[in-house]
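The structure appears below as structure tokens.
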Number of protein chains: 2
Amino acid sequence: MTNNIEMEKTEMTEAEWAIMEVVWDNAPCAAGTVQEALTESKGWAYSTVKTTMDRMVKKGLLRIEKIRNLQLFSPCISQKQARTGEFRKMLTRAFNGAMTPMMQFLLDNEKLSKSEIVALKKLVEDKLK
Amino acid sequence: MTNNIEMEKTEMTEAEWAIMEVVWDNAPCAAGTVQEALTESKGWAYSTVKTTMDRMVKKGLLRIEKIRNLQLFSPCISQKQARTGEFRKMLTRAFNGAMTPMMQFLLDNEKLSKSEIVALKKLVEDKLK
DNA sequence: TTGACAACTCTACATTTGTCGAATATATTT
DNA sequence: AAATATATTCGACAAATGTAGAGTTGTCAA
């Protein structure tokens, strides 16, 4: 294992991420709520959203609590966990897990703006205090 | 589009990454070479590797040049392009594309070692010169 | 020439993911 | 209660992915 507690499978597809974000913001929430929130950006049918969410429950990404006839979904993993997972996957895959080379790559290739670099400098300095 | 030239689809599955790495190191190379290189870590049959590589050709990730009866594969995207793609996907998904918040998150949560932070500080300072 | 191989082609099949519609069950409103 | 609006359940089906065996063909050494 690479690190600490938070270690469930956090792999998500693009569709699942989209749903997850809505759930993070609205949980506990119904499938219909999610479907509505994504109407503009995705235009998915209710059943598309519901099917995907049900599959996410099976995978342990979401959980359902039933209130009378209503199913309310909540996340099983936090946004922070998901971010960590996403970041580490990228780091492992693309940089063989090596943080410094990854940073080097970023600075060299991703054309950060001056202000982004200055902000980063500040973050780093604070960290060293 | 988020940035500059290099903008083909670089999305790859885990299996495709594994293959791609071997190809980057050995191109132009035959499917058998890749299969052998991955024997230990993956244990895939020749046909598994070959099928996947053929699909990668169709997707534009690899290209074949035929020398008499031999097919030699080469990458259509560079490692750098793939790294960029992978990084940006992560940034978009998990941090809404915002670089500084992502850095903040890293510093706050990924427990970098002191030496990694120092190294980063140096990288940043050099960048500002 | 005859094997012994190596490489390639084809086909196949199970899972996972993307997407839904139809039928059914509930709840809410006249 | 009847009609209407909501949710839920159940398939379904196509495309993408993981995985590989069987058969064909070309190659090289004995």
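Here is the naming used below: chain letters follow the sequence lines, and residue numbers restart at 1 for every chain.
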field: Nearest-nucleotide 5' precedence on DNA chain C, B:Ala31 against B:Thr51
entry: B:Ala31
message: Please enumerate all residues that pass side-chain hydrogen bond (donor to acceptor under 3.5 Å, both in side chains) together with A:Gln79, with sequence neighbours excluded.
response: none
- prompt: In the single-linkage hydrophobic clustering (I, L, V, M, F, W, Y; side-chain heavy atoms under 4.5 Å), do B:Met90 and A:Ile77 co-cluster?
  reply: no
- request: For DNA chain C, find the residues of residues 52-72 of chain A with a heavy-atom distance under 4.0 Å and give them by number; none if there aren't any.
  value: A:Thr52, A:Arg55, A:Lys59, A:Asn69
query: Taking all non-hydrogen atoms of both residues, which atom of A:Leu91 and which atom of A:Ala98 are closest, and how far apart?
result: CD1-O, 3.8 Å
query: What's the shortest heavy-atom distance between B:Leu123 and A:Thr100, and which atoms?
result: CD1-O, 4.2 Å
task: Return the set of residues passing side-chain contact (heavy atoms from CB on, under 4.5 Å) with A:Lys122 (not counting sequence neighbours), or none when no residue passes.
output: A:Asp126
- line: Going by chain and number, the hydrophobic cluster around B:Leu70 (ILVMFWY, side chain to side chain under 4.5 Å) further includes B:Ile67, B:Leu72
field: Distance below 4.0 Å between B:Thr13 side-chain N/O and D:dG18 OP1 or OP2
entry: yes
Spacing of B:Lys50 atom NZ relative to D:dG21 atom C1', expressed in whole Å: 15 Å
field: Sequence-distant partners of B:Ser115, side-chain contact (heavy atoms from CB on, under 4.5 Å), two or more places apart
entry: B:Ser113
- request: Heavy atoms of chain A, cut-off under 4.0 Å: which first and last nucleotide of DNA chain C, 5' to 3', fall inside that, if you could look?
  value: C:dT17 to C:dA27
task: Work out how much the helix from C:dT1-D:dA30 to C:dT30-D:dA1 bends between its end axes, five pairs an end, to the nearest 10 degrees.
output: 10°
task: Using a strict 4.0 Å threshold on nitrogen-to-oxygen distance, state whether B:Glu86 and A:Lys89 make a salt bridge.
output: no
- request: Confirm from the modelled atom types if B:Ser47 and D:dG21 form a donor-acceptor pair under 3.5 Å, side chain to base only.
  value: yes
statement: By ring-ring contact (aromatic ring centres under 6.0 Å, His included), B:Phe95 pairs with (sequence neighbours left out) B:Phe105
message: Any carboxylate oxygen within less than 4.0 angstrom of a Lys/Arg side-chain nitrogen, looking at B:Glu125 and B:Lys121?
response: yes
Which residues share a side-chain contact (heavy atoms from CB on, under 4.5 Å) with B:Ala37, sequence neighbours left out: B:Val22
query: Residues from residues 16-24 of chain A sitting under 4.0 Å of DNA chain C, heavy atoms only?
result: none
field: Residues that A:Gln71 engages under side-chain hydrogen bond (donor to acceptor under 3.5 Å, both in side chains), provided they are two or more places apart
entry: A:Lys50
- prompt: When the distance from NZ of B:Lys42 to P of D:dT19 is rounded to whole Å, what number comes out?
  reply: 8 Å
field: Set of residues satisfying salt bridge (charged side-chain N to carboxylate O under 4.0 Å, His left out) with respect to A:Asp25, sequence neighbours excluded
entry: none
